[in-house]
*Asks:* 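To start, I am sharing the structure in question, which I have written as C-alpha cells.
Sequence positions, counted from 1, serve as the residue numbers for this chain.
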Amino acid sequence: MLRITMLRITLLRTVPNGRLPFFLLLLFTSIDSSVLSNAAEQRPNILFVSVDDMSCDSVGAFGCALPDTTPAIDAFAASSLKFQHAHVQVGNCMPSRNVMFSGLYPHSNRVEGFYQVKDPDYPVLCELMQQAGYFTGIRGKVSHSTPYSPFAWDTVLDNGEQKYSPKDVSSYYLSTKAGIEASREAQKPFCLVINISDPHKPFWGEGAESDQPSLIFTAKDVPLPGFLPDSPAIRKELALYYSTVRRADDCFAGVMRALDESGQSDNTVVIFLSDHGMPLPFAKTQLYHHSTHTPWLVRWPGVTQAGGVDVQHMISSIDLLPTLLDIVDAEHPAGLQGRSFLPLLRGESQTDRELVFKEYNENSGGACHPIRSVQSRQYLYLWNPWSDGNRVFRSATQGTVTYRQMQQLAADDAAVAARLNLLDHRLPEEFYDVSSDPDALHNLIDSPEHQQLIQEFRSHLQQWMQHTSDHALPAFQRREDSEFVSAWVDARQQESNDRRKRPAPNAGRRKQQPQAAEQNLIELTLPKSVTAGQLLTVPVQHHLPQTLGPQQLHVTLKDGENKRIERKVITIADDGTATVEFIIPADLESKKVFIAAFVGPEFAASLQHVNQPLPVSKQ
C-alpha cells in the first residue's frame, strides 16, 4: 500500500496542475480500497470462549472418564493445539476473569473478590483491542470481566429481541452471529468474548426453568472424583453437573456454528478454556490441582498444529492478554505480569515455563481466606495463612448437596470426617505430588524426604511475592509467628467488611431506574416457624414488568448470623409464583434463620432485595 501511495504522489508531481486523469484516479482508488481490505483480512479475528465452573477432566479431549460429555469441544480439540499443563490463577469467577483480561495478579489489579474497582490504573483487553483497531463485544459475565461496569465494549450481546437467559442454548449462536455481523458493519476485525454460563449452578434439573441438554446423564453413569466421598446423593448431584457440562457443550457448538457460517473461520484465532473447576467441595474457591487446571485449547489456522498437544510448558491465565496482544501485533502496556506464549502456538519452545503461581483472597460474600500457591507439573505447594484450627472456610460449595452429605456421612465415617475437617479448617501448609495424587489426598508437608523440595517451593513463592509486591509477603515471611499472621488475616477481613459497607458500586445506575427499584417485584411467603432437619418450602410471588424480561431470582438460606447456608437461583418472568425448597440443617445452632432474595444477575446490581427472619424450633 505504501508503494502504491508513493507512485500516486510521484505521478501527481509530474502531470499538469497535479491532476490525474479520471480513469487513473479510479484505478488508484480501487487499488487502495482493495489493499486496505486485504490488509484488514490479514489481521486475525479473536474469538475467546469460556465455560463457567467446569473441571478440566470433564472434557473428553482431556481424559474425561464419562463418554460423550463434550462432543463439540472434542471435535474442536482435534483441530486445535491442546495445553496439557494450563491453569487459571484463581478458583472463583470474577477474580479469575480479571486476571485473564488485565494480565495482572489479583493483588495487583485489586480485583480480589466480587466488587468493582472504579479507579484502575491499568488498561484491559477491551480498550487495548479497541486501540488496536478491533471491534469488541461480550456475551455473559459482563460485570465479572472488567474491573468495573458498565465498561465501554462496542457491543454487549446479552440481548436479542429480548434479554437472553444465561441458560438459553440457542442464544449463544445468536449472540456470536450478531457480534460478527456488527464487526462487519463496522469494517473492523472482531474480538469477541463469549462466556457460556454452564455448568455453573443452578445445574439443569435443579428447579430453574432452562433448556434441556442434548444428553442427560444419570447417577449410575457418572464417575466419582477422587476428592469426594461416595454416596447416592453425591452421585445424583454429579449427574446433574455432567448433564449441565453437556449443555455447555451444546452452547459451544452454537458459537462455532455461527463462526463457520460467517466464513471467518480461517482468519479467526479461537481460544477456549474454563474459568476454574466444578462448583463442588475441593474444586471451586480453592487452589488445588482440580480447582485451577483448565482445558485450554487454541486454534489458529495455518499456525497451530491441528491435534497438537503441548505436554512440556506450563501456561496460565496471566499469560492470556500478552499473548493476544502479540497475535494482533499490538503494543504491550507497561507493567504486565504475564508473558506471551506466542512461540508455543508456532510450535517453538520457551524457557521458564516450569511453574505457575496462584492466589485466592475472598468469596462472593466478602469472607477472606487468603491462599497462595505455586505448582509445577509434579508438585503443588499451598500456604493457607487463615488456617488456625478455629476459622472455618466459607464458600459457595457449602450450599451444595455434596457438602451436606459429607456432613451427614462424617458422623459415622472417620475418613469422611477427616476430609470435612480439612475442607473446613485446612492446615497452614500443604504439599502434594499431583503427578501421582492429583486429587490431593496425601499431604506431604511433614514428609522427611520432601523437605528440601518443600523449601525450594517456599523460596519460589517468596520470590514471586517479592517480584509482584504481594501484600501477603510480610505474613509469609513471618509465617511461624501465628499471632502476626492471624492479625494480618483479621486486617484483611476488616478491609473487606469496610468495603462492603460502602454504597453499592451501581447505586448511581439504579437511581436512573426508579421504576424498577421502587416496584414490589417479589414477595416471600414464609411460615410462622420451621423445624430443624425438616423441609422448608418458600413460595415467591413475582410481578415483573414485561420490559424487564426474564430475570434471575437468587434465594438464600442463611443462619442466625446471616451467613449463607445454601443458595438457589431460578429464572422468573412476568407475574406468577415460584417455589424454592431448602432442608433446614438438623445441627443448626441458632434459633432462627434468614431467607434472603434478590432479583438480578448479581447483588450489586439487584433490582430488589429482601431479607426476612424465620424462627427455628428443634425436633
Side-chain angles (χ1 to χ4, degrees), residues 53 90-96 106 111-115 144 200-201 227-228 276-288 291-292 358-373 382-407 410 419-428 430 472 475 485-486 488-501 554-569 582-585 587-590 592-596 598 602-604 611:
D53 292 19
V90 195
N92 54 354
C93 177
M94 187 170 179
S96 178
V111 186
E112 296 187 345
F114 289 71
Y115 54 86
H144 286 183
H200 191 290
K201 278 181 169 284
F227 52 84
L228 294 178
H276 53 75
M278 63 169 60
L280 295 176
F282 292 106
K284 183 174 180 174
T285 63
Q286 304 287 349
L287 296 182
Y288 289 114
S291 306
T292 61
K358 308 186 286 187
E359 73 171 275
Y360 175 86
N361 292 287
E362 64 181 71
N363 70 0
S364 60
C368 289
H369 296 92
I371 309 173
R372 298 296 186 266
S373 173
L382 293 153
W383 175 57
N384 307 303
W386 63 270
S387 175
D388 63 356
N390 296 313
R391 293 188 183 96
V392 176
F393 193 89
R394 296 298 180 189
S395 162
T397 64
Q398 290 173 315
T400 62
V401 170
T402 297
Y403 182 82
R404 295 198 301 273
Q405 273 291 293
M406 290 179 68
Q407 288 180 309
R419 290 290 289 167
L420 182 63
N421 183 64
L422 178 65
L423 182 64
D424 285 346
H425 299 286
R426 303 291 285 277
L427 295 167
E430 299 172 77
V485 173
S486 183
W488 177 81
V489 173
D490 289 342
R492 302 301 301 172
Q493 183 62 65
Q494 188 58 53
E495 288 180 20
S496 175
N497 295 344
D498 292 344
R499 184 173 56 244
R500 292 174 68 82
K501 292 175 183 176
H554 301 245
V555 185
T556 305
L557 171 66
K558 301 180 179 182
D559 65 15
E561 297 180 352
N562 255 311
K563 295 179 180 178
R564 183 196 298 185
I565 298 173
E566 183 178 6
R567 171 173 287 177
K568 300 287 183 70
V569 184
F582 299 104
I583 298 292
I584 305 299
D587 58 352
L588 185 73
E589 296 181 357
S590 56
K592 65 179 177 180
V593 294
F594 289 88
I595 306 298
F598 69 86
E602 59 181 354
F603 182 76
N611 191 20

*Asks:* Kindly write out the residues that satisfy salt bridge (Lys or Arg N to Asp or Glu O under 4.0 Å) with Arg404, not counting sequence neighbours, or none if the list is empty.
*Replies:*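 Counting only residues at least two positions away or on another chain, Arg404 forms a salt bridge (Lys or Arg N to Asp or Glu O under 4.0 Å) with Glu566.
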*Asks:* Is there a side-chain contact between Ser364 and Arg564, using heavy atoms and a 4.5 Å cut-off?
*Replies:*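 A side-chain contact exists here, since the closest heavy-atom pair is under 4.5 Å.
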*Asks:* Using a 3.5 Å distance criterion without hydrogens, assess whether the side chain of Ser590 forms a donor-acceptor pair with backbone atoms of Asp559.
*Replies:*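 Not at all, since once roles are kept as given, no pair shorter than 3.5 Å links the two residues.
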*Asks:* Any non-hydrogen side-chain atom of Val489 less than 4.5 Å from a side-chain atom of Asp388?
*Replies:*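 Answer no - side chains too far apart.
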*Asks:* Would you indicate whether the side-chain heavy atoms of Phe582 and Val593 approach each other to under 4.5 Å?
*Replies:*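 When only atoms from C-beta onward are counted, Phe582 and Val593 do not touch, as no gap falls below 4.5 Å.
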*Asks:* Locate the shortest heavy-atom distance separating Lys358 from Tyr288; write the atom from each residue and the value.
*Replies:*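 Heavy atoms of Lys358 and Tyr288 come nearest at NZ-O, 3.8 Å.
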*Asks:* Could you check whether any side-chain heavy atom of His276 comes within less than 4.5 Å of a side-chain heavy atom of Thr285, counting everything from C-beta outward?
*Replies:*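 In short, these two side chains do not touch, never coming nearer than 4.5 Å.
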*Asks:* Can you tell me which residue among Arg492, Gln286, Arg394 is in a side-chain contact (heavy atoms from CB on, under 4.5 Å) with His369?
*Replies:*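 Passing option: Arg394.
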*Asks:* Within a strict 4.5 Å, meaning less than it, do heavy atoms of the Thr556 and Ile595 side chains meet?
*Replies:*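 No; the side chains remain at least 4.5 Å from each other.
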*Asks:* Would Asp53 and Lys201 pass as an ion pair if we require N to O under 4.0 Å?
*Replies:*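 Salt bridge absent between Asp53 and Lys201.
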*Asks:* Identify the two heavy atoms, one from Trp386 and one from Val392, that lie closest to each other, and give their separation to 0.1 Å.
*Replies:*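 Here Trp386 and Val392 meet closest at CZ3-C, 4.4 Å.
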*Asks:* Check side chain to side chain contact (heavy atoms under 4.5 Å, CB included) between Ala472 and all other residues, then give those that pass, not counting sequence neighbours.
*Replies:*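 Ala472: side chain to side chain contact (heavy atoms under 4.5 Å, CB included) contacts with Arg372, Trp383, Met465, Asp470, Trp488.
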*Asks:* Please find the pair of heavy atoms, one from Asp490 and one from Arg391, that lie closest to each other, and give the distance.
*Replies:*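 Closest approach of Asp490 to Arg391: OD1-NH2, 3.0 Å.
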*Asks:* Should Glu362 and Arg499 count as an ion pair when the cut-off is N to O under 4.0 Å?
*Replies:*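 A salt bridge is present here (some side-chain N lies under 4.0 Å from a carboxylate O).
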*Asks:* Heavy atoms only: give me the nearest Ile565-Pro585 pair and the separation to one decimal.
*Replies:*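 It is CG2-CG, 4.0 Å.
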*Asks:* If we only count heavy atoms from C-beta on, is the Lys284 to His200 side-chain gap below 4.5 Å?
*Replies:*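 Yes, close enough: below the 4.5 Å cut-off.
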*Asks:* Can any side-chain N or O of Asn384 pair as donor or acceptor with the backbone N or O of Leu427 at less than 3.5 Å?
*Replies:*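 Yes.
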*Asks:* Between Leu228 and Pro281, is any pair of side-chain heavy atoms under 4.5 Å apart?
*Replies:*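 Yes, at least one pair of side-chain atoms sits under 4.5 Å.
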